[in-house]
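Notes follow once the structure below has been shown.
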Amino acid sequence: MTHEIYRADAVFGTLEIPSDKSIAHRAALLAAITDGVSRLVHYPDSQDPQSTLSCLRALGVEIVDEDGILVVHGRGRYGLAHVDPSKPVIDCDNSGTTMRLLAGILAGQAYTSTLVGDASLSRRPMDRIATPLRLMGAGVELRDGAPPIDITGGKLRPIEYPLPVRSAQVKSCVLLAGLFADGGETTVVESAPTRDHTERMLGVPVVDIGDKRYVSIRSDHSLVPQTYTIPRDFSSAAFFIVAAALAPEALLRLPGVGVNPSRAALLDLLIAMGANITISNSRLRSGEPIADIDIRHSQLTGVAVGGEIVPNLIDEIPILAVAATQAIGTTIIRDAAELRVKESDRIAAMAEGLSRLGADVAELKDGLRIEGPTPLQGAEVDAKGDHRVAMALGIAGLVASGVTTVRGSESAAVSYPGFWSDLESVSFSQEAQSAKK
Ligand code: S3P
């Protein structure tokens with residue numbers, strides 16, 4: 001599918017961003033392994049969180065939609081079982097979070113499961129979870145370091161695991177496996193903080209010593225049925241925050257968006273670049289900080305990004321790159337090699353897409369260098385089957401003169417099914433109006 005975008009003269013309105021994908025996966029998985037009935041309020045209809053639900057259903061978990069609230073009949077820690085034991089294959093589709101977190105739970109189940117994914121997920125590195133799960137005693141087989149993953153679970157042993165990659169998915173996989181590791185504490189040691197939704201939701205101890213963060217869990221940690229209210233997704237909001245910052249005229253309000261500091265570093269960065277952003281009405285929703293975000297237009301200046309902050313804006317780097325094309329001076333993004341193993345190689349995909357639109361962008365081994373401001377011209381660009389690349393290039397199209405055609409626009413539905421219609425509802429474009437006449 002393709003989508004055409006024209007230059008926007010203004011971005012105006014109030015937009016209700018869909019719920020957070022990362023938090024949704026975790027809430028569903030924890031509800032499934034808790035004894036009793038939990039409720040998921042505002043569970044997103046985007047593809048990735050829906051993949052988690054279908055995996056859980058294939059493991060025998062009853063999940064019922066009651067007036068828009070998902071009621072999960074949890075089966076307890078050891079209650080998951082393949083509905084069809086003759087075919088113990090669980091399809092995670094495009095969702096790396098589903099695969100890596102579910103692997104931690106299946107490592108504790110005394111049977112063999114096979115986790116598979118689509119073409120993109122089948123290329124992504126899984127040795128990062130295989131290594132700690134094997135150390136804990138699970139049998140894990142990969143194909144050249146990637147899915148399908150065969151996991152033979154059972155009784156696990158606790159480990160202390162310094163994270164070799166800055167990945168919340170690996171941290172969460174090990175913590176979930178720790179629920180099945182008898183005889184002590186399983187501890188994940190981070191040298192740079194990654195998103196902390198799992199430890200918040202579990203309510204497990206976190207200790208900072210020097211520049212290290214120790215997150216620990218015991219197998220007797222109690223899981224209590226509860227109601228999880230999922231906040232709006234900062235990573236989805238980020239596209240519109242940048243759209244409003246770049247449009248010649250803008251006044252955009254995004255109410256009730258998740259602003260967990262381990263996710264929302266882009267806000268501080270954009271403010272440092274000169275963005276006119278107001279954050280108000282800060283509050284908590286199911287233990288997660290949320291706030292209303294108002295954005296107006298302003299001229300941005302280039303920035304240097306690297307080091308510890310990178311995991312806290314890893315999913316927002318594609319849209320940061322778009323902002324950088326319109327910022328005065330050089331923006332340099334380093335320490336972000338992880339972007340090469342996301343749903344696509346996001347460094348290459350953004351360098352290619354933005355270059356086609358006329359941006360001055362250079363690909364680095366672990367990031368991007370962008371000179372701005374550069375006037376962009378509409379062209380055909382390719383999403384590379386990656387939702388965040390599709391949406392970031394869509395926002396670049398709002399800045400470009402003429403028409404920008406995003407090939408593979410349907411991949412936005414992985415995290416934001418209504419993205420293109422929401423974009424149309426808040427952006428006003430003379431060029432689009434003339435083209436439609
Ligand atoms: C996620 C963590 C990040 C992020 C992904 C979701 C999560 O991946 O890119 O979109 O929900 O834990 P890594 O932890 O592998 O960096």
Side-chain angles (χ1 to χ4, degrees), residues 18-30 44 46-49 51-52 92-105 117 120-121 123-132 145-147 161 163-176 188 190-202 213 215 228 230-231 233-239 258 260 262-266 288 308-320 335-347 349-350 366 386-392 411-412 414-416:
S19 302
D20 191 288
K21 173 163 104 63
S22 282
I23 296 173
H25 290 299
R26 288 160 170 80
L29 291 167
L30 287 180
S46 44
Q47 278 169 25
D48 269 10
S51 294
T52 291
C92 304
D93 196 17
N94 192 244
S95 180
T97 312
T98 306
M99 184 172 276
R100 294 190 176 121
L101 270 57
L102 190 53
I105 292 172
S120 152
L121 184 53
R123 286 191 294 269
R124 296 182 67 184
M126 292 298 153
D127 31 14
R128 55 183 61 194
I129 55 162
T131 302
Y161 193 64
L163 278 186
V165 273
R166 297 164 168 191
S167 163
Q169 294 181 351
V170 178
K171 169 176 64 178
S172 303
C173 171
V174 176
L175 290 175
L176 289 169
V188 178
E190 290 189 312
S191 51
T194 65
R195 64 190 67 193
D196 64 1
H197 307 305
T198 305
E199 48 270 44
R200 274 180 193 256
M201 231 176 247
L202 283 165
R213 194 168 172 271
V215 188
Y228 297 96
I230 323 267
D233 197 327
F234 180 79
S235 298
S236 297
F239 299 103
N260 180 321
S262 67
R263 284 286 294 286
L266 180 75
E288 286 282 342
E308 276 215 358
I309 192 189
V310 170
N312 305 146
L313 48 67
I314 191 73
D315 289 343
E316 290 67 64
I317 290 177
I319 192 60
L320 172 64
D335 303 320
E338 270 296 300
L339 288 176
R340 294 205 182 269
V341 291
K342 295 293 181 188
E343 286 82 331
S344 71
D345 175 344
R346 288 183 175 160
I347 294 177
M350 290 309 298
D366 60 347
D386 184 326
H387 56 128
R388 298 205 199 279
V389 173
M391 294 186 278
S411 56
V414 162
S415 58
Y416 196 158

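Reckoned from all heavy atoms, side chains included, excluding hydrogens, waters and symmetry mates. Along the sequence shown, residues carry numbers from 1. Note that ligands are numbered from 1 as they come in the structure, with each ligand's atoms numbered from 1 the same way.
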Please report which non-hydrogen protein atom sits nearest to atom 11 (O) of ligand 1, along with the residue it belongs to and the distance in Å to one decimal place.
Ser22 OG, 2.7 Å
Side-chain donor or acceptor of Ser46 paired with backbone N/O of Asp48 under 3.5 Å:
no
Closest approach of any protein heavy atom to atom 10 (O) of ligand 1, naming residue and atom:
Asp315 OD2, 2.8 Å
Test your reading of the model: is there a side-chain donor-acceptor pair from Asp93 to the backbone of Ser95, 3.5 Å cut-off?
no
What is the closest protein heavy atom to atom 15 (O) of ligand 1, and at what distance does it sit?
Ser167 OG, 3.0 Å
Identity and distance of the protein heavy atom lying nearest atom 16 (O) of ligand 1:
Lys342 NZ, 3.0 Å
among protein heavy atoms, the one nearest atom 14 (O) of ligand 1 is Ala168 N, 2.7 Å
for atom 12 (O) of ligand 1, nearest protein heavy atom and its distance come out as Arg26 NH2, 2.6 Å
Under 4.0 Å, counting heavy atoms only: does Thr97 come that close to any atom of ligand 1?
yes
Which residue owns the protein heavy atom closest to atom 1 (C) of ligand 1, what's the atom, and how far is it?
Gln169 NE2, 3.5 Å
Classify the side-chain pair Thr194/Lys171 by whether it contains a donor and acceptor separated by less than 3.5 Å.
yes
Electrostatic pair Glu338-Arg128, nearest N-O below 4.0 angstrom
yes
The residue among Leu202, Leu176, Thr97, Ile230 that forms side-chain contact (heavy atoms from CB on, under 4.5 Å) with Arg26 is Thr97
Salt bridge present between Arg123 and Asp345 (N-O < 4.0 angstrom):
no
Taking 4.0 Å as the limit for heavy-atom contacts, which would you say applies to His197 with ligand 1: side chain only, backbone only, both, or neither?
neither
Is there side-chain contact between Met201 and Glu288, with heavy atoms separated by less than 4.5 Å?
no
Taking N or O atoms only and a 3.5 Å limit, does Val170 qualify as a polar contact for ligand 1?
no
